[in-house]
Amino acid sequence: MSVRVRYAPSPTGSPHVGNIRTALYNHLFAKRHGGVNILRLEDTDRARFVLGCEEEIEESMRYVGIEWQEGVGATAEGGGRFGPYRQSERNEAGIYEPHWRKLLDDGSAYWAFDTPEELKEMREFQELNKQSTGYYGGQWRDATEAQAEVARVAGKPGVVRLKVPRGEKIVVEDAIRGRIEYESDVVDDPVLIKADGMPTYHFAAMVDDHLMEVSHIFRGEEWISSAPKHVVLFKALGWAPPVMVHLPVIKGKDGSKLSKRHGDTACLDFRRAGFMGEALANFIALIGWAPGGDREVMSLDEMAEAFDLKGLQPSSGVFDFDKLVWMSGMHVRRTDPRVLLQKVVEYARRPETEHYWSSRVPAPGEVDPHVRLRGLRLLAESAKPQEPSSHDSPAGPTVGVGQASMPRFTEDYALEAVKLEQERTSSLAEFGEKCEFFFVDAVEFDPKAVENWLHEPHVAPLFEWIADQIGNRGWESHQVAAADWEALLREAQAVLNLDKLGPVVHPVRVALTGSTAGPGLFELMAVLGPVRVKTRLAATQGY
RNA sequence: GGCCCGGUGGUCUAGCGGUUAGGACGCCUCCCUUUCAAGGAGGAAAUCGCGGGUUCGAGUCCCGUCCGGGCUACCA
């Protein structure tokens, strides 16, 4: 049997991470078995339809790296040979009607004309008598065609309901949990066709799954209690049901269902926050799925190769943001620096990035979003293609003729900066504040760092000596390797008669970066270049 | 209320009748080191929700119970 799966969201809002995880599993499973992944839109509820969210669905999927070969947005002609793939269009095309007509004809379904008031009354009565609530027939389940005709002629709006057999056992086979049995007497008769002529999820989704030859249904756990209805429906239609896979929910840190309260929950929120799609995919895939062994950090391809229904979890999981950050860092480190720079620049240039951070109130201990944005902007700016230069030095070509003129920022310079920060950065956004000092004219100092390292008496003569040496050695006209910087600073240590390298390294670092933390000093100096080093050293006078 | 699903350290999980209950995040200590990370080595942290059984032996099987979640719409 060939694997055909579908992600079938309803366009009622931007997909959150739980939805996207379902979509991701579809993709992984399809890829694992060389099958087909379908994107189908369940837009049968006109009241809840949200304009523009179809794009958000596709964006979300592309962001985390989900591929689909068929359906809405697929490259195939018309989306594929089972189109259309929007249920509203399918209904218009008359795809569902013959099937519910057939159910009506053979007595598997019936017309019901209850008013909302009548239904409400029924429910209240049931609750009062501690019965299970639901529609178990009322006066319409066994009404004659003549009675139905009377109601129809009277202009009463009617719905088509499935006639769930009574006194039977309904067995649902769930791929994760196994066999689940239901007394058919507690399964109420679901509406198949609404009064407005639209099919409900129960009907449209199942008919489509069959027509589209779907082999496995991946969907949220909240569907599990509707599953018996679907089993009955398939049987009534004379079709074999697909394998059902009910996925556990993703909860927030406090154990409740993930919601706005928990911060970012929409998939695209994480793109705005600067997480690479693959990292998010890796992280959410592992809530509810264990690849076996001790594997955790995986690419999409690796996950697809390892994906197996057996690793799926029946219990719900908590979204642990800290672990996402860790996972994200692991992916940052795995990424080729050139690709990484490209991603950072792309991120920096996306308008939503600016919106996201500028409207954000920083949590205690969180970096100032404005510093982050400034760094991102500078990074993107420098990575702009410049007029061609003959030499591709990391320090970049110099502007003007004077010896001490400031080298311009180039893409290569940005690349070197990203390379140096790569292993200590855990998201695209973080490159903002991490790389900022590479690009600014005047470094912003951390008061504490200044206090600790710039007030030592040896600092002024140290900086002076280094500046002199840069001049004396004629370093300003070319780039200087990290090893040469190291040699210079070690010499400074000897000249100033310091017993450790620390008192040399730390003040210089503060002068150059404004901070006590960061990449290796010598490497960093090699990237900044002699001119900038000298300038920054001089700028600390007065501190 | 009714029906259904779930329950291994704070979190994600391995386990599938016999293990000192393993790994990962987070936390702590140490090493590496010019700082911060990363990396390496350790540590604290789970009587496997609880109570009964079955068994020589149970996280693993059975029953009960508690807690959490879902559904109970002409929403999906």
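The structure displayed is predicted, hence computed values, not measured ones. Reckoned from all heavy atoms, side chains included, excluding hydrogens, waters and symmetry mates. Lettering of chains follows the sequences in order, A, B, ..., and the numbering in each one begins at 1.
- When atom types are taken as modelled, the side chain of A/Arg177 and the backbone of A/Pro314 share a donor-acceptor pair closer than 3.5 angstrom.
- Using the six-membered ring where Trp is involved, A/Tyr25 and A/Trp289 have ring planes that are perpendicular, over 60° apart on the 30 and 60° scheme.
- The distance between the ring centers of A/Phe283 and A/Trp326 does not fall below 6.0 angstrom.
- The distance between the ring centers of A/Phe270 and A/Phe319 falls below 6.0 angstrom.
- If you check B/rG9 for Watson-Crick or wobble pairing at under 3.5 angstrom, you find it has no partner at all.
- If you check B/rA14, B/rC3, B/rG39 against the side chain of A/Met330, the one that comes closest is B/rG39.
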If the sugar-phosphate is the primed atoms plus P, OP1 and OP2 and the base is the rest, what is the B/S/- string for nucleotides 69-76 of chain B, using protein heavy atoms under 4.0 Å?
-SSBSBBB

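- When both pairing distances are held under 3.5 Å, B/rC36 makes no Watson-Crick or G-U pair with any nucleotide shown.
- Within 6.0 Å of CD in A/Glu121 there are 12 or fewer heavy atoms belonging to other residues, nucleotides or ligands.
- Pairing for B/rC61 is with B/rG53, a Watson-Crick or G-U wobble pair whose two hydrogen-bonding atom distances lie under 3.5 Å.
- Side-chain nitrogen and oxygen atoms of A/Gln131 include none within less than 4.0 Å of the OP1 or OP2 phosphate oxygen of B/rC3.
- Using a 4.5 Å cut-off on side-chain heavy atoms (C-beta onward), A/Ser88 and A/Met198 make contact.
- Of all nucleotides present, only B/rG70 satisfies the Watson-Crick or G-U wobble test against B/rC3, with each distance under 3.5 Å.
- The base-pairing partner of B/rA44, taking Watson-Crick or G-U wobble contacts with both distances under 3.5 Å, does not exist among the strands shown.
- Taking atom P in both B/rU47 and B/rA38, one finds a spacing of 30 Å when rounded to whole Å.
- Contacts of A/Gly288 with the nucleic acid, taken as non-hydrogen atoms under 4.0 Å apart, involve only primed sugar atoms and P, OP1 or OP2.
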